[in-house]
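Beneath this line is the structure, given in structure tokens, with notes to follow.
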Amino acid sequence: MSSTFRWICESTDGQARAGTLHTAHGPVQTPTFMPVGTAGTVKAMTMDAVRSTGAGIVLGNTYHLMLRPGAERVKQLGGLHKFMDWSGPILTDSGGFQVMSLGALRKLDQDGVTFQSHIDGSKHRLDPQRSTDIQHALDATITMCFDECPALPAAPEAIAASMRMSMRWAARSREAFIQREGYGQFGIVQGGTEPELRAESVKALTDIGFEGYAIGGLAVGEGQELMFSTLDVTTPLMPDDKPRYLMGVGTPDDLLGSVMRGVDMFDCVMPTRAGRTARAYTERGHINLRNARFALDARPLSPHCDCLACTRHSRAYLHHLFRADEILGPMLLTWHNLAYYQRLMRGIRAAIVDGVLSAHAEHLRAEWQAGDWSEDEVPQPLIPPVA
């Protein structure tokens, strides 16, 4: 296990990169998707189940953990890795996005944000120093800078002012960060969908110097085309030798298109949230298991998946669980969706290494567009007998 935090590029195909991120808590192959474990748990999953999907790194959140159970308590109990039974790397979001989403419950100033807890109304303060200190107490492998993420659409002047304040906060976050072997801190590029502001933000962050760089302020309603065009002008400006993380993204096609534009790391609540609402992601797009047509469907969700939902259960059983409001339904479907996302990323990585990413992308998109398998396309499940 390497103790030095560094990202090593191993293959490229166009703008896409395949590499390995080395950290104090083990290596992570990139491109990678990070399951979201906001409050110290990936919803509806045990960490053994998360590990079984092939995930190499998970995400936690400063805002939620500072409110409950409290960063100091987590530290007393041995840190977030021990607390949540995850020995691999953990990236912690700074809490900025959650605080900015509180609306009337928060008051922003040039130094930070004062806000009321959404849980009990208690008053709290987050600023670059406090956010960084909390992430240190949690023992985050990757600490994120505290920033503001303005809602879009917004006037260019407002986006510029917000971005420049975030860059000042980035410098203060860096000053507060305690350097340790194998640990890193990422700066967050802001600037909305304005190319000049994105370029200004990249320069400000690279002048400060970080172990990695994130792209924030996208996937907030601007649409995929505008997100991709923003990436087209942003990622080429970012350092070639550092990991690039696109925050809060997204659908399988979002991930594919972003990797093709030079992004290495992703997180999103989409696969876990979908798992709780009967939405399954497969190589043939997504399906809603509440649909009555699955009531007698004895096939697995996907013939290519080795998760528990696919190897041991039928679509009909999963349909029954959701119609009966049984908690096992969200558990199994979350497992399946995370397994699919990890399999998707492994396939994309392999295509980069083999130099066939364009052909692989064309195949993936054709399959998504083809829709669900017909009955004669999918073999019947091989369900092992119950002992």
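All values reported here derive from a predicted model rather than from experimental measurement.
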Determine whether more than 12 heavy atoms belonging to other residues, nucleotides or ligands lie under 6.0 Å from atom [atom1] of [X].
X      : atom1 : result
His360 : NE2   : yes
Gln179 : CD    : yes
Arg168 : CZ    : yes

Any Lys/Arg nitrogen of [X] or [Y] sitting under 4.0 Å from an Asp/Glu carboxylate oxygen of the other?
X      : Y      : result
Asp241 : Arg17  : no
Arg125 : Asp109 : yes
Asp207 : Lys203 : yes
Arg349 : Asp354 : no

Would you confirm whether [X], through its side chain, and [Y], through its main-chain N or O, come within 3.5 Å as a donor-acceptor pair?
X      : Y      : result
Thr30  : Thr32  : no
Arg279 : Pro271 : no
Asp267 : Met247 : no
Ser52  : Ala49  : yes
Glu211 : Gln185 : yes
Thr272 : Val269 : yes
Lys107 : Val113 : no
His81  : Pro89  : no
Ser229 : Leu226 : yes
Arg172 : Phe146 : no

Can you give me the closest heavy-atom contact between [X] and [Y], atom names plus distance?
X      : Y      : answer
Trp368 : Leu344 : CZ2-CD1, 4.0 Å
Cys305 : His336 : SG-ND1, 3.6 Å
Ala280 : Leu301 : CB-CD2, 4.0 Å
Ser94  : Gln135 : CA-NE2, 3.8 Å
Pro35  : Leu338 : CB-CD2, 4.1 Å
Met84  : Gly40  : CB-O, 3.2 Å

Run the side-chain contact (heavy atoms from CB on, under 4.5 Å) check on Phe294 and Leu318 step by step: do they pass?
CA-CA 9 Å; Phe294 298 115; Leu318 295 169; over 6 Å; no

Within a strict 4.5 Å, meaning less than it, do heavy atoms of the [X] and [Y] side chains meet?
X      : Y      : value
Gln15  : Asp232 : no
Trp86  : Val50  : yes
Leu205 : Ser201 : yes
Leu231 : Leu218 : yes
Met265 : Arg244 : no
Val259 : Phe266 : yes
Glu283 : Trp373 : yes
Leu255 : Phe33  : yes

Residues in salt bridge (Lys or Arg N to Asp or Glu O under 4.0 Å) with Asp306, at least two apart?
none

[Y] reachable from [X] in the ILVMFWY side-chain graph, under 4.5 Å edges:
X      : Y      : result
Phe97  : Ile119 : yes
Leu108 : Met66  : yes
Leu105 : Leu67  : yes
Ile134 : Leu77  : yes
Val189 : Val233 : no

Ring center gap for Phe115 and Tyr63 short of 6.0 angstrom
yes

Do Tyr341 and Tyr281 have ring centroids that are under 6.0 Å from one another?
yes

Run the salt bridge (Lys or Arg N to Asp or Glu O under 4.0 Å) test on Arg299 and Glu377 for me, step by step, so that the C-alpha distance in whole Å, both residues' side-chain angles and the decisive distance to 0.1 Å come before the verdict.
CA-CA 10 Å; Arg299 299 173 297 164; Glu377 284 184 290; over 6 Å; no

Walk me through whether Ser374 and Asp376 qualify under side-chain hydrogen bond (donor to acceptor under 3.5 Å, both in side chains).
CA-CA 6 Å; Ser374 63; Asp376 58 356; 2.5 Å; yes

Full working for salt bridge (Lys or Arg N to Asp or Glu O under 4.0 Å) between Asp264 and Lys242:
CA-CA 10 Å; Asp264 309 301; Lys242 299 293 176 67; over 6 Å; no

Between Val202 and Thr234, is the side-chain contact (heavy atoms from CB on, under 4.5 Å) condition met? List the steps.
CA-CA 8 Å; Val202 171; Thr234 303; 4.2 Å; yes

Angle between ring planes, Tyr183 versus His25, binned at 30° and 60°: parallel, tilted or perpendicular?
perpendicular

Just say parallel, tilted or perpendicular for the rings of Tyr213 and Phe210, cut-offs at 30° and 60°.
perpendicular

Decide side-chain contact (heavy atoms from CB on, under 4.5 Å) for Cys9 and Trp7; before the verdict, give the C-alpha distance in whole Å, the side-chain angles of both, and the deciding distance to 0.1 Å.
CA-CA 7 Å; Cys9 183; Trp7 179 81; 3.4 Å; yes

As a quick check of understanding, evaluate side-chain hydrogen bond (donor to acceptor under 3.5 Å, both in side chains) for Glu148 and Ser162, giving each step before the final call.
CA-CA 7 Å; Glu148 183 192 17; Ser162 172; 2.7 Å; yes

His320 vs His313, test: ring-ring contact (aromatic ring centres under 6.0 Å, His included). Steps then yes/no.
CA-CA 11 Å; His320 157 71; His313 301 294; over 10 Å; no

Apply salt bridge (Lys or Arg N to Asp or Glu O under 4.0 Å) to Glu200 and Arg164, showing your working.
CA-CA 9 Å; Glu200 180 182 335; Arg164 288 165 187 151; 2.8 Å; yes

What do the steps show when you test Asp48 against Arg51 for salt bridge (Lys or Arg N to Asp or Glu O under 4.0 Å), and what is the final call?
CA-CA 5 Å; Asp48 279 344; Arg51 280 184 280 269; 2.8 Å; yes

Derivation and outcome, side-chain hydrogen bond (donor to acceptor under 3.5 Å, both in side chains), residues Arg346 and Gln29
CA-CA 9 Å; Arg346 288 194 297 270; Gln29 290 191 327; over 6 Å; no

What's the verdict on side-chain contact (heavy atoms from CB on, under 4.5 Å) for Lys75 and Asp139, showing C-alpha distance, side-chain angles and the deciding distance?
CA-CA 8 Å; Lys75 182 178 180 180; Asp139 194 31; over 6 Å; no

